[in-house]
Amino acid sequence: MRLRLWPYFLRQALGNIMSNRIVHVIGLGTMVVSLLIFGTFLLLLVNLNAWVGEWGHSLTMSVYLQDGISEAERDNIASFIRSLPRAEIKRFVSKEKALTEFRSALGSQAGLLDGLPHNPLPASFEVIFNEGEGQKVDVREIKQDLEKVEGVEEVQYSEEWLHRFESLMKMIRLVGLVIGGLLCMGVLFIVMNTIKLTIYSRKEEIEILKLVGATDWFVKIPFMLEGMIQGILSGVLALVILFSAYLFISTEKMHFLDLAVFDFVFIPNEYALSILLLSVALGLVGSFIAVGRFFKV
Amino acid sequence: MIQLFHLYKNFGPNIALNDINLRVREGEFVFVSGPSGAGKTTLLRLIFGAERPTSGHILINGINLNRISRLKLDLLRRKIGFVFQDFKLLPAKTVFENVALALEVTGERRSLIRKKTRQSLKLIGLVEKEDAYPLELSGGEQQRVAIARAIVKDPLILLADEPTGNLDPDLTKDIMVLFKSIHMKGATVVIATHSRELLEDTEQVKIFLNRGRIFGER
């Protein structure tokens, strides 16, 4: 296509949008809402991922000791823990302390413990693994090593909970993928219909253009530009709204909900760019399908 | 220039054209005449490639329209001017824009489009109405805009379907002078008309159609 035709195509596309304003505003609004749903989902996913990552890094571990071990053995276990990368002993919980804490945790039911012939609770070290640079802490390996140390009864960490959460994240990602796919199809359908309506409103003009020797592409390109413009506008609008909502929530609501302990981050630039590109691509593909169908007739 | 071989065109059970064989030489001026429903419009639309024949062949400058690609047909149409009986003007575009449309599709420079559109409007005497919209014009004026659009691209072939149907005798004469001047420039002109006055006043080749058949040539 000749370069000098592009200003004509752009004029035509903008003219189409202006003369079918209502159809375009409705299409645009629906596209923005769809992209916003998708964007919000991405925003939540990104933050959930970050939070889980954070919890994963500051892992806590309980190292339970055998009853009746000597002080030397206990010190030996403590120095073994300290030698582990990023490990820090948060506190030592003696058998007596464990029972006291358990008693207070039971509250009004604490009387149940009165009948016990001896204290069944083991002493333990509470260990935390701090976040840091370099290789990730392999908790499974540490657990195995610790359990081999003389005087260690059992090692427990939030493994089960973490695994459950990771499965949940996998599920959320899958749901996101399905919702994203459905929304993409919806957006495609919206663009197709918007362009189809503008094509029908210009049916007479297209017929005349063809009669005076316009090629198919000469007629198609303005409609495809129209779809692309709709894609750009809805992508930009959705991102602006999403960012505004993010700013509002991150400064106001997080404190209100007492969740300020977590960093609430916006979607990375690559994701934002992907939403925009996806929106433009959907606009282009939707209009391409719409004009293709029209010319087949 | 235009050759038709055993051309048939049916619309359902109705036969619009029945075994038409015709040869129009380059630079010829031909009238196709006949009563309403004789097949004049269908014949012109087939030559223009706006309709496909049921059977038979149409050759324009040696190119068989049955075997031409969609793109080549589009490009061929740029060399053929067509004045439609119902004008086919766009009501939302001005007179100038309607005429310029025929050049815009070719990707000409805007300055050239402006120049040639004005020339064409001057030729049909409507340059002062270039900013008017078709619905603001009389039937005759709309007819002349349709002619201006057909001639603006200096066509090799000019096809006109009842081009004087909406004009008074004076304007009819003016328009015929215009067609003859385009013909003098080298264009092949084919005019479909049922106007007896038009045929009586001319020395050009006349083809008579009735019920889809050619039954006379003069």
Side-chain angles (χ1 to χ4, degrees), chain A residues 1-25 194-226 229 287-297, chain B residues 44-45 47-51 60 68-93 97-113 117 120 134 145-159 161:
Chain A
M1 246 342 126
R2 286 186 194 175
L3 207 63
R4 71 168 81 108
L5 281 173
W6 288 93
Y8 169 84
F9 293 147
L10 197 63
R11 273 200 310 277
Q12 284 294 312
L14 293 173
N16 284 349
I17 293 172
M18 289 312 286
S19 52
N20 294 284
R21 276 188 293 270
I22 295 174
V23 172
H24 274 278
V25 167
T194 311
I195 301 300
K196 214 159 81 182
L197 284 172
T198 52
I199 290 175
Y200 278 104
S201 73
R202 287 190 58 213
K203 210 176 167 185
E204 196 189 356
E205 189 177 341
I206 293 170
E207 187 201 340
I208 293 170
L209 278 170
K210 291 298 295 172
L211 290 175
V212 295
T215 58
D216 285 358
W217 281 108
F218 184 90
V219 181
K220 280 179 185 177
I221 287 172
F223 291 113
M224 291 178 62
L225 275 179
E226 201 180 321
I229 291 170
S287 52
F288 182 73
I289 296 171
V291 287
R293 279 190 181 171
F294 181 82
F295 277 91
K296 228 180 242 177
V297 180
Chain B
L44 291 195
R45 285 180 63 82
I47 294 171
F48 189 59
E51 297 276 356
I60 307 288
I68 199 171
S69 69
R70 213 174 148 122
L71 178 67
K72 281 190 177 155
L73 179 65
D74 292 332
L75 300 178
L76 182 70
R77 277 183 184 160
R78 294 180 184 180
K79 295 173 187 163
I80 306 173
F82 200 124
V83 182
F84 298 91
Q85 197 172 359
D86 56 354
F87 321 138
K88 293 212 184 292
L89 299 176
L90 288 165
K93 288 192 187 287
E97 287 166 343
N98 265 288
V99 176
L101 202 66
L103 291 174
E104 254 163 3
V105 301
T106 63
E108 284 291 359
R109 285 193 313 275
R110 287 194 72 74
S111 57
L112 190 75
I113 294 174
T117 305
S120 189
V145 177
I147 294 169
R149 189 183 58 196
I151 62 173
V152 72
K153 53 190 176 183
D154 300 323
L156 295 175
I157 300 172
L158 180 64
L159 306 172
D161 193 5

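Numbers restart at 1 for each chain; the letters A, B, ... are given by sequence-line order, proteins then strands. Here the structure is a predicted model, which means the values were calculated and not measured.
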Over all atoms of both residues, closest heavy-atom pair of [X] and [Y]:
{"X": "A:R4", "Y": "B:G107", "result": "NH1-O, 2.5 Å"}
{"X": "A:G213", "Y": "B:R77", "result": "CA-CB, 3.9 Å"}
{"X": "B:D74", "Y": "A:D216", "result": "OD2-N, 3.7 Å"}

Greater than 12 external heavy atoms within 6.0 Å of A:K220's NZ: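 Buried by this count: over 12 neighbours within 6.0 Å.
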
A:F288 atom CZ: more than 12 heavy-atom contacts under 6.0 Å: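 Open: at most 12 neighbouring heavy atoms sit under 6.0 Å from CZ of A:F288.
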
Rounded to the nearest 0.5 Å, what separates atom [atom1] in [X] from atom [atom2] in [Y]?
{"X": "A:L211", "Y": "B:I80", "atom1": "CG", "atom2": "CD1", "answer": "11.5 Å"}
{"X": "A:Y8", "Y": "B:R110", "atom1": "OH", "atom2": "CZ", "answer": "9.5 Å"}
{"X": "B:E108", "Y": "A:L5", "atom1": "CD", "atom2": "CG", "answer": "10.0 Å"}
{"X": "B:L73", "Y": "A:K210", "atom1": "CG", "atom2": "NZ", "answer": "7.5 Å"}
{"X": "B:L89", "Y": "A:I208", "atom1": "CG", "atom2": "CD1", "answer": "7.0 Å"}

When B:K153, B:K93, B:R109 are compared by non-hydrogen pairs under 4.5 Å with chain A, the top option: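 Result: the option with the highest number of such pairs is B:R109.
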
Option from B:K88, B:R149, B:E104 for which side chain to side chain contact (heavy atoms under 4.5 Å, CB included) with A:V212 holds: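 By the side chain to side chain contact (heavy atoms under 4.5 Å, CB included) criterion, A:V212 pairs with just one of B:K88, B:R149, B:E104: B:R149.
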
